[in-house]
Structure formats: structure tokens, C-alpha cells
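Here is the structure we will look at.
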Amino acid sequence: MSWKYDVVVVGSGIAGPIIAKNVAKAGYSVLLIDKKPAIGSPKQCAEGISIKVFDKYDIPYDRRFINREIYGAKLYSPSGYELELRYKEASGVILERKVFDKMLAYYAAKAGADVLARTEALDVIRKDGKISGIKVKHEDEPVEIYAEVIVAADGVESTIARKAGINTYAPPHEFDSSYEYEMLIEGYDPDLIHLWFGNEVAPRGYVWVFPKDEDRANVGIGIASDHPQTAKYYLDKWLRENKVPMRKTLEVNVGVVPVGGFVKELVKDNVVVVGDAARQVNPMHGGGMAEAMEAGTIASKWIVKALEEENISLLQNYTREWWETDGKRLERILKVRRVTEKLTDEDLDLFIRVLSGADAEKIASGNYLEVIKALIKNPKVMMSPRRIKLLRELL
């Protein structure tokens, strides 16, 4: 059995449905496939996102997938110093990712795309040395899908990017291991997300509590994936130390998160790679939803142009535009992550004490030059050549 489309999109996470919707809206035939029987499930996500993405990427602000609004963040240093950022208006939301992903696929379907769950991409089809489609297993039946453009939005282990010959290799150190419980937990302000830092708490990462109700939250951790101990070990240790009862767990999620190793070649011939498959993730906090939305928006613009002008080489402009804009920003953030890896617990204590709310906002937005200047002026920082050297690395 074989099918023919202008574009086939592999993977219905965040980037995939956004591309499918945009390209279908432009009047082209699109097929969006996902190997899972239910799009969005299981989730591998802490589910927090900036409130700005809804307007920016034309996504309805739909209460069906918005769990609660968040008004800021609270950061905790290894010795328990706290830095609170609280805004008058909601700055973010906690999603219900299982519903959100499914609704993104629904919006793509409404725009005219065909959507098929339980359809797994196995390989690319080559004709006369060129990729002309993909082989899939749909409801356990083999199908060949021919398309002008193939989008690999199939996650960290992207089969299609690999089979197309796109180099997605990154060393283990450029990944984080994450472990998360959705559980009952009390005693944390449900209007804020909560983040704990420290080399004994979460090596190179942090523990998070993202509230979903007054007494229910995603409680998780991300640590360097090449660390000898597991993420679960550190998360369970944190829960024990904070006397959080562990027998009220509703869900367990385990995942690998790219925090570097951005794919250089985002297009090969007629194959486009986006989202986690392209390592388009914020290296500092490991969030990839907004990055996938941005990459999906840029990619879909060039896919439409390439189809309009019947010139597949125009797809290369996606690589160029992404690297000149979001790629450049993420490279800067990667530099920050590499420096923060060298911080001791004493450094983290001091920095959280020194930083004012305004400076922390600048960190959150990726504008960290003012923050570094503020830190360098602090007497305790000035007395430490090592700290000065670390901060200068960022400048």
C-alpha cells in the first residue's frame, strides 16, 4: 500500500503539529503521523511554559489543557537561601501535556492535515539516490508514504534524521537524565514554580516542583546523564530529606533531555529536522516546547516557500535562519550552562543571596550581562580570583 502527500511530518509532539498546521493552511497536502496509540501520552515533560507563546505562535488559550497559571518562581540555594520572583500578572502556565499535544494535532487536522496515530516511521525510501518518502507501520500494516518534503520531528532518538544521514550525534555529557513524579505534595506556594540547586541536590541540574493544584504537582529532577548516580536516586533522596510522603504518586515519567549538541545540518535534501530531534532545547533549564514552536514556525515558512516555488533547495534557508536567530541565542545560553557547571555550592549560595529580583529576571530572559556585572561588583566575588575568572568567561 502506498500514499502520496506534499509533506509528511513524523512525530506529533510540539514542532510536528505546528508545521503540519501551517503547511496545511497554505493549501498543501500534509500527513502528520505519531507512533503512539494516543497522541500526547505518555508525557515526558515538567509541563511549564511561558504565557507569551500562545499569542506568539497563534495557539488558543484553551482551559482544556491549561492546568493553572503561574505568577513567578522561587529559587533555593544549597544552604536554603531563597530568591523569589513574583509578578502581578501570570507569567507562565502549567499545561496538561497529554491534552495539549493532542489539541495541537487537532488544530493541524482542522487546518486540513491528515493525522494518524499508531503509525511508526521505520525507514526512508530512496529512489535514484534521492529520498522520496518513508516506510511506516500503520496499525501493524506496512505502508509506503511518498512526499516532496519529510519532517523529522520524532524526538531525541529520531529514526528519520538518522536514516536520512543527518548527523544528530552529541556526547553523553550534552544530555540530562530526568525523573519525575506527579504526586500529592503540600507546603509549597502553588502560584510559583520552585527550583532547588546544589551539587548534592542535583549535579548540573535542579529539582523542580511545578504545581498543578494546591496539593498536587510535578516533582522532578534533571541531572547530567553521564553522572554515576541516577536521577531517581537524587530525587528520592530530596523527597526523603524534605519529608515528602512518597506513597501518593499518580504518575512516573522518565526521559533524556538534550542540553547542547545542537544539530548543525537541519536540512538534508528534502528532509527537515526539528525540535528535540535537532537538539533545539534550552541548555540551561532543559525546556524545549517554546524552542520547538519557534523552529517549527521557521521550518514551515521555508517548506511552504519551497513548495510554492517548486525549489527544494530553499529549505536550506531554515538552517540559516534558525542558526542566525534562535541558534545564536541558545549557543549563548549553552555558554552559561558550561560555566554554571563549575560552580560550587558556596558559589550558588552567594549568587542567590546577591541577586535581586530584577537581576534574576534578566537571567530568566537570557540577558545576563547586567547580572554578571552586578555579581562581579560584590566584595565576596571580588575577593575570589576563581569566581572572577568564571564570570569573565561569560563576558
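Small disclaimer: the values here were computed from a predicted structure and weren't measured.
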Using a 3.5 Å distance criterion without hydrogens, assess whether the side chain of [X] forms a donor-acceptor pair with backbone atoms of [Y].
X    : Y    : result
D326 : W322 : no
N22  : S300 : no
S41  : A38  : no
N282 : M284 : yes
D6   : S29  : yes
S225 : P172 : yes
D34  : S12  : yes
N378 : K380 : yes

Taking the basic N atoms (NZ, or NE/NH1/NH2) and the acidic carboxylate oxygens, is any pair closer than 4.0 Å for [X] and [Y]?
X    : Y    : result
E84  : R86  : yes
E324 : K328 : no
E241 : K237 : yes
E174 : R338 : yes
D128 : K130 : no
E144 : K4   : no
K305 : E309 : no
E346 : R387 : yes
K98  : E251 : yes

Practice task
Could you go through the side-chain contact (heavy atoms from CB on, under 4.5 Å) check for I39 and V115 one step at a time?
Solution key: CA-CA 10 Å; I39 288 171; V115 179; 3.8 Å; yes
Problem - Any side-chain heavy-atom pair of I134 and D123 under 4.5 Å - result: no
Problem - Min side-chain heavy-atom separation L350-V354 under 4.5 Å - result: yes
Do you reckon [X] sits in the same ILVMFWY cluster as [Y], going by side-chain contacts under 4.5 Å, direct or chained?
X    : Y    : value
M293 : V99  : yes
I18  : L32  : no
I312 : V10  : yes
Y234 : V219 : yes
V8   : I303 : yes

Practice task
Begin from the C-alpha positions of Y107 and D62 and carry the test side-chain contact (heavy atoms from CB on, under 4.5 Å) through to its verdict.
Solution key: CA-CA 12 Å; Y107 302 142; D62 191 326; 3.9 Å; yes
[atom1]/[X] to [atom2]/[Y] distance, rounded to the nearest 0.5 angstrom?
X    : Y    : atom1 : atom2 : result
D269 : S132 : CG    : OG    : 11.5 Å
T340 : I333 : OG1   : CD1   : 11.5 Å
C45  : I94  : SG    : CD1   : 9.0 Å
R97  : L104 : CZ    : CG    : 8.5 Å

Practice task
Please work out whether the ring planes of F65 and F54 are parallel, tilted or perpendicular, with thresholds of 30° and 60°.
Solution key: parallel
Side-chain donor/acceptor pairs under 3.5 Å, residues 198-210, sequence neighbours excluded:
unit_1: N199; atom_1: ND2; unit_2: L343; atom_2: O; d: 3.1
unit_1: N199; atom_1: ND2; unit_2: D345; atom_2: OD1; d: 3.0
unit_1: R204; atom_1: NE; unit_2: D176; atom_2: OD1; d: 3.2
unit_1: R204; atom_1: NH1; unit_2: H173; atom_2: O; d: 2.7
unit_1: R204; atom_1: NH1; unit_2: H173; atom_2: NE2; d: 3.3
unit_1: R204; atom_1: NH2; unit_2: H173; atom_2: O; d: 3.0
unit_1: R204; atom_1: NH2; unit_2: F175; atom_2: O; d: 2.9
unit_1: R204; atom_1: NH2; unit_2: D176; atom_2: OD1; d: 2.5
unit_1: Y206; atom_1: OH; unit_2: H285; atom_2: O; d: 2.7
unit_1: W208; atom_1: NE1; unit_2: E180; atom_2: OE2; d: 3.0

Under the side-chain hydrogen bond (donor to acceptor under 3.5 Å, both in side chains) test, residues paired with [X] that sit two or more places apart:
X    : answer
E294 : Y57
E47  : K43, K212, N218
S158 : D154
E139 : R118

Just wondering, are more than 12 heavy atoms of other shown residues or ligands nearer than 6.0 Å to [atom1] in [X]?
X    : atom1 : value
D55  : CG    : no
E69  : CD    : yes
M382 : CE    : no
M383 : CE    : no
R386 : CZ    : yes
K301 : NZ    : yes

Exercise for the section: Check the pair K135, I125 against side-chain contact (heavy atoms from CB on, under 4.5 Å), reporting the backbone distance first and the verdict last. Expected result: CA-CA 6 Å; K135 291 177 182 175; I125 300 167; 3.7 Å; yes
Practice task
Show your working on side-chain contact (heavy atoms from CB on, under 4.5 Å) between L307 and E148 and close with a plain yes or no.
Solution key: CA-CA 8 Å; L307 292 170; E148 299 297 317; 3.9 Å; yes
Handout entry: Working for ring pair (Phe, Tyr, Trp, His ring centres under 6.0 Å), residues Y81 and W196
Key = CA-CA 10 Å; Y81 295 105; W196 286 262; over 10 Å; no
Exercise for the section: Walk me through it: do E214 and R68 pass the test salt bridge (Lys or Arg N to Asp or Glu O under 4.0 Å)? Expected result: CA-CA 10 Å; E214 306 295 312; R68 74 179 298 119; 3.6 Å; yes
Exercise for the section: Kindly determine whether R240 and D236 satisfy salt bridge (Lys or Arg N to Asp or Glu O under 4.0 Å), including the steps that lead there. Expected result: CA-CA 6 Å; R240 278 195 308 276; D236 289 352; 5.4 Å; no
Exercise for the section: Answer yes or no for R279 and F262: cation-pi contact, defined as NZ/CZ to six-membered ring centre under 6.0 Å and angle to ring axis within 45°. Expected result: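 Negative - R279 is either too far from the ring of F262 or too far off its axis.
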Problem - Sole candidate of N253, V252, I221 that passes side-chain contact (heavy atoms from CB on, under 4.5 Å) when paired with Y181 - result: V252
Handout entry: Pair D349, S77: side-chain N/O donor-acceptor within cut-off below 3.5 Å
Key =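 Their side chains do contain a donor-acceptor pair, which is all the 3.5 Å distance test asks for.
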Completion exercise
Going by chain and number, the hydrophobic cluster around V257 (ILVMFWY, side chain to side chain under 4.5 Å) further includes V259, V281
Exercise for the section: Please report the shortest heavy-atom distance between A292 and G275, naming the atom on each side. Expected result: CB-CA, 4.2 Å
